[in-house]
There are 2 protein chains.
Amino acid sequence: MSEIEKIMDNLLQEMKRGTLVLTVLLNTDESRYGYSLVQSLQDKGVEIEQNTLYPLLRRLEKQNLLESSWDTSESRPRKYYRISREGRAIRDSLLKEWQRTNSLIETMLSPEDKI
Amino acid sequence: MSEIEKIMDNLLQEMKRGTLVLTVLLNTDESRYGYSLVQSLQDKGVEIEQNTLYPLLRRLEKQNLLESSWDTSESRPRKYYRISREGRAIRDSLLKEWQRTNSLIETMLSPEDKI
DNA sequence: TGACATTACTGTGCATCACACATTATATTA
DNA sequence: TAATATAATGTGTGATGCACAGTAATGTCA
């Protein structure tokens, strides 16, 4: 991988980081378990790996943005996560901020701003 | 500051991080020096501090995404930065990725996705 | 039986920003 | 004249958080 590709990768990664939490919070209105979240996010075009998502889920639970419960009725036990009240508040704020930033970027693209 | 506010701050910060580089690259089509960039970005609603921007500018220069030149003709010397050819390529890719992510988020908000 | 899918968890390293601090010069005001 | 504000650039440290590279175990299908 060339130097410039490495730099590009880093920057893309950095950009993705900020959106991961929002993405998760936008997809846990219904209870979800880690593995299924990985699958469905990937289906939607969000590249996320297990070893990124699992620690993230646990962190969000610790911060009380997600609630969890085990389902042991099936053969393989699954840990289900669902967004909490606080999580919804955070999600909405993050969303607002995202949209604000998006407007800013659009503005920066507009012709009068480009000279 | 309450626990939840701290969490919120962290997340907002995290989200901002990924966009800083793009923001800078979108505002250096004309030569700019650090101080003026801070001012104009703040005017546009992008909160950025000197001690964040200056290291960032130097990093981007090191990565050849920005080019710099000193203007010593005025009383106070100023270091001007301008986006490079590689910088433009990176900027365009980042922008595409941003817009792609924005679409994803919009999709996640759509009713059929919310059950 | 062997390969692959499903499901969860962990430890280390690297990159980056925020915060605090430092430095110099000029302009303004007390 | 002294103090303060503004212009302008720089550095060092700490916290955070993801990616990468694993481990582990069960279920399914060829």
Side-chain angles (χ1 to χ4, degrees), chain A residues 1 3 5-24 31-43 46-63 65-66 68-81 94, chain B residues 1 3 5-24 31-43 46-63 65-66 68-81 94:
Chain A
M1 185 154 55
E3 196 57 31
E5 282 172 325
K6 255 182 264 174
I7 290 169
M8 187 65 210
D9 263 30
N10 260 10
L11 292 174
L12 283 177
Q13 203 173 291
E14 192 73 10
M15 208 160 89
K16 208 171 48 176
R17 283 176 67 153
T19 72
L20 271 184
V21 171
L22 179 54
T23 307
V24 168
S31 285
R32 304 296 288 273
Y33 57 98
Y35 193 82
S36 75
L37 246 183
V38 171
Q39 304 299 324
S40 79
L41 286 181
Q42 279 178 351
D43 286 348
V46 180
E47 286 167 47
I48 188 165
E49 310 240 354
Q50 297 182 354
N51 33 27
T52 298
L53 184 62
Y54 281 112
L56 177 57
L57 288 174
R58 266 179 285 126
R59 190 188 114 220
L60 293 178
E61 186 189 11
K62 203 173 169 188
Q63 295 176 330
L65 308 186
L66 293 179
S68 80
S69 59
W70 280 95
D71 178 356
T72 51
S73 66
E74 302 287 330
S75 56
R76 282 194 221 76
R78 292 168 171 169
K79 193 172 185 182
Y80 279 86
Y81 293 91
L94 283 179
Chain B
M1 186 153 55
E3 198 55 33
E5 282 172 325
K6 256 183 261 175
I7 291 169
M8 187 64 211
D9 262 31
N10 260 10
L11 292 173
L12 284 177
Q13 203 173 291
E14 194 72 10
M15 207 160 90
K16 208 171 48 174
R17 282 176 69 153
T19 70
L20 270 186
V21 171
L22 178 54
T23 307
V24 167
S31 286
R32 305 295 288 275
Y33 57 97
Y35 193 82
S36 75
L37 247 182
V38 172
Q39 304 300 323
S40 78
L41 287 180
Q42 280 179 348
D43 286 350
V46 181
E47 285 167 48
I48 188 166
E49 309 243 353
Q50 297 183 354
N51 33 28
T52 298
L53 184 61
Y54 282 112
L56 177 57
L57 288 174
R58 267 179 281 127
R59 190 189 113 218
L60 293 178
E61 185 188 12
K62 203 174 171 187
Q63 295 176 330
L65 308 186
L66 293 179
S68 79
S69 60
W70 281 95
D71 178 358
T72 51
S73 67
E74 301 289 330
S75 57
R76 282 192 222 77
R78 291 168 172 169
K79 192 170 185 182
Y80 278 86
Y81 294 90
L94 283 179

Kindly determine whether B:L56 and B:T23 satisfy side chain to side chain contact (heavy atoms under 4.5 Å, CB included), including the steps that lead there.
-> CA-CA 11 Å; B:L56 177 57; B:T23 307; over 6 Å; no
Any side-chain heavy-atom pair of B:L94 and A:M8 under 4.5 Å:
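Yes, side chains in contact.
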Rounded off to whole Å, could you give me the [atom1]-to-[atom2] distance for the [X] and [N] pair?
{"X": "A:E49", "N": "D:dC20", "atom1": "CD", "atom2": "P", "value": "6 Å"}
{"X": "B:L12", "N": "C:dC17", "atom1": "CG", "atom2": "P", "value": "16 Å"}
{"X": "A:Y35", "N": "D:dA25", "atom1": "OH", "atom2": "P", "value": "18 Å"}
{"X": "B:Q50", "N": "D:dA7", "atom1": "CD", "atom2": "C1'", "value": "8 Å"}
{"X": "B:M15", "N": "D:dT16", "atom1": "CE", "atom2": "P", "value": "20 Å"}
{"X": "A:L37", "N": "C:dC9", "atom1": "CG", "atom2": "C1'", "value": "16 Å"}
{"X": "B:L53", "N": "D:dG10", "atom1": "CG", "atom2": "P", "value": "11 Å"}
{"X": "B:W70", "N": "D:dA7", "atom1": "CH2", "atom2": "P", "value": "17 Å"}

So does [X] get a side-chain nitrogen or oxygen closer than 4.0 Å to the phosphate oxygens (OP1/OP2) of [N]?
{"X": "A:R59", "N": "D:dC18", "result": "yes"}
{"X": "A:T52", "N": "D:dC18", "result": "no"}
{"X": "A:K6", "N": "C:dA15", "result": "no"}
{"X": "B:N10", "N": "D:dG17", "result": "yes"}
{"X": "A:R58", "N": "C:dT10", "result": "yes"}
{"X": "A:R78", "N": "C:dT7", "result": "yes"}
{"X": "B:K16", "N": "C:dA18", "result": "yes"}
{"X": "A:Y54", "N": "C:dC9", "result": "no"}
{"X": "A:Y33", "N": "C:dT7", "result": "yes"}

Closest-nucleotide 5' rank along DNA chain C - winner of B:P55 and B:Q63
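Nearest nucleotide further toward 5': that of B:Q63.
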Self-check item: SB check B:K6 B:E3 (cutoff 4.0 Å)
Solution: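 Result for this pair is yes, salt bridge flagged.
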Most 5' of B:P77 and A:L20 on DNA chain D, judged by nearest nucleotide: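 Nearest-nucleotide comparison on DNA chain D picks B:P77.
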Looking at [options], which one has an atom nearest to any side-chain atom of [X]?
{"X": "A:R76", "options": "C:dA8, D:dT9, D:dT26", "value": "D:dT26"}
{"X": "A:N51", "options": "D:dG17, C:dA18, D:dA21", "value": "D:dA21"}
{"X": "A:E14", "options": "D:dG17, D:dT26, C:dT16", "value": "C:dT16"}
{"X": "B:K79", "options": "D:dT9, C:dT26, C:dC9", "value": "D:dT9"}

* To do: Answer yes or no: is there a donor N or O on one side and an acceptor on the other, between the side chain of B:Y54 and the main chain of B:Y35, under 3.5 Å?
  =>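 Yes; judged by distance alone, with no hydrogens or angles, the pair exists.
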- Item | Minimum heavy-atom distance between A:M15 and B:G18, given as atom pair plus value |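 Minimum heavy-atom contact is CG-O, 3.5 Å.
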For the residue pair B:R32 and B:S40, confirm or rule out a side-chain donor-acceptor distance under 3.5 Å.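 Yes, B:S40 and B:R32 have a side-chain donor paired with an acceptor closer than 3.5 Å.
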